[in-house]
2 protein chains.
Amino acid sequence: MIAQTPEPPYYAVIFTSLRTNVDAGYEETAVHMLQLAAQQPGYLGVESAREEAGITVSYWADLASIKQWKQHAEHLVAQQKGRDVWYAAYKTRIVKVERDYEWHKESSSQKDKNDKN
Amino acid sequence: MIAQTPEPPYYAVIFTSLRTNVDAGYEETAVHMLQLAAQQPGYLGVESAREEAGITVSYWADLASIKQWKQHAEHLVAQQKGRDVWYAAYKTRIVKVERDYEWHKESSSQKDKNDKN
């Protein structure tokens, strides 16, 4: 799914991870965290895929919303279990989305009013 | 793979896409584009995964490098074929990485000197 986000600027968290081979409730917690994130103030959407590495990009209205979600009680428990059990390594990047554009085959028109290149 | 990127700030392109069911050389071109991107000035690394959606995040030293790669002759041909054949939809986001931190199970230490939260 491609997240339907508002006009830039907005913020995102790029979370790239390598899993261990231990499941132990990983999928259930991952789904629950996505549902819980979607209920937080400032949440704009999420995109996620996993092959060798997993990439989850969550979109947020501002840095305060990102900080608040990072410190959410249930999320803190999941983060700790991630380090204890599920993840071999991860990298988190906090980014500001400065520009975006999209294209859909249906319309064959690039919605690129922000695209100056 | 988790891209080994330098200290922020740096830039990234988040490219999220939905494929058609037409292969027609997609994998070969995708691999070649990743190789070609890695040879461009300002290239820092890439992370990629596909399930329902594909997410490719490429990292760059600055906006000029991103613009130059977007306009690379072979890349322009691939972009056009992407719209003609391979993609049902895509969204491209140009972002500035403001902060990052990483964790590895091997060391059990979070390298979070940039992590003030």
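Computed from a prediction, not measured in an experiment: that's the story for all the values here. Here is the naming used below: chain letters follow the sequence lines, and residue numbers restart at 1 for every chain.
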Counting only non-hydrogen atoms closer than 4.5 Å, does B:Tyr59 touch chain A with its backbone (N, CA, C, O), its side chain (CB onward), both, or neither? side chain
Heavy atoms only: give me the nearest B:Ile2-A:Tyr90 pair and the separation to one decimal. CD1-CA, 3.8 Å
Looking only at heavy atoms, what is the nearest atom pair of B:Arg83 and A:Lys105, with distance? O-NZ, 2.6 Å
Is B:Tyr11 linked to B:Leu44 within one hydrophobic cluster, defined over Ile, Leu, Val, Met, Phe, Trp and Tyr using a side-chain heavy-atom separation of less than 4.5 Å? no
Quick one: of B:Thr92, B:Ile14, B:Asp84, who has the most non-hydrogen atom pairs under 4.5 Å with chain A? B:Thr92
So do the side chains of A:Lys96 and B:Val95 get within less than 4.5 Å of each other, counting heavy atoms only? no
Proximity breakdown for A:Tyr10 and chain B, heavy-atom pairs closer than 4.5 Å: side chain
Hydrophobic cluster membership, with links at side-chain heavy-atom distances under 4.5 Å among I/L/V/M/F/W/Y: are A:Trp103 and B:Val77 in one? no
Answer yes if A:Val57 and A:Tyr43 sit in the same cluster of Ile, Leu, Val, Met, Phe, Trp and Tyr residues linked by side chain heavy atoms under 4.5 Å apart, and no otherwise. no
Going only through I, L, V, M, F, W and Y residues with side-chain contacts under 4.5 Å, is there a path from A:Met1 to A:Trp60? no
Starting from B:Val46, can I reach B:Trp69 by hopping between I/L/V/M/F/W/Y residues whose side chains sit under 4.5 Å apart? yes
With a 4.0 Å cut-off, would you call B:Arg93 and A:Glu47 a salt bridge? yes
Hey, does A:Leu18 have a side-chain heavy atom less than 4.5 Å from the side chain of B:His104? no
Please classify the contact of A:Tyr87 with chain B as side chain, backbone, both or neither, using a heavy-atom distance under 4.5 Å. both
Which bit of B:Ile55 comes within less than 4.5 Å of chain A, counting heavy atoms only: side chain, backbone, both or neither? both
If you tally heavy-atom pairs under 4.5 Å against chain A, which of B:Ser48, B:Ala88, B:Ala53 wins? B:Ala88
So, for B:Arg50 and A:Glu51, which heavy atoms are closest and what is the spacing to 0.1 Å? N-OE1, 3.0 Å
On a heavy-atom basis, which atom in A:Leu63 and which in B:Glu98 lie closest, and how many Å separate them? CD1-OE1, 4.0 Å
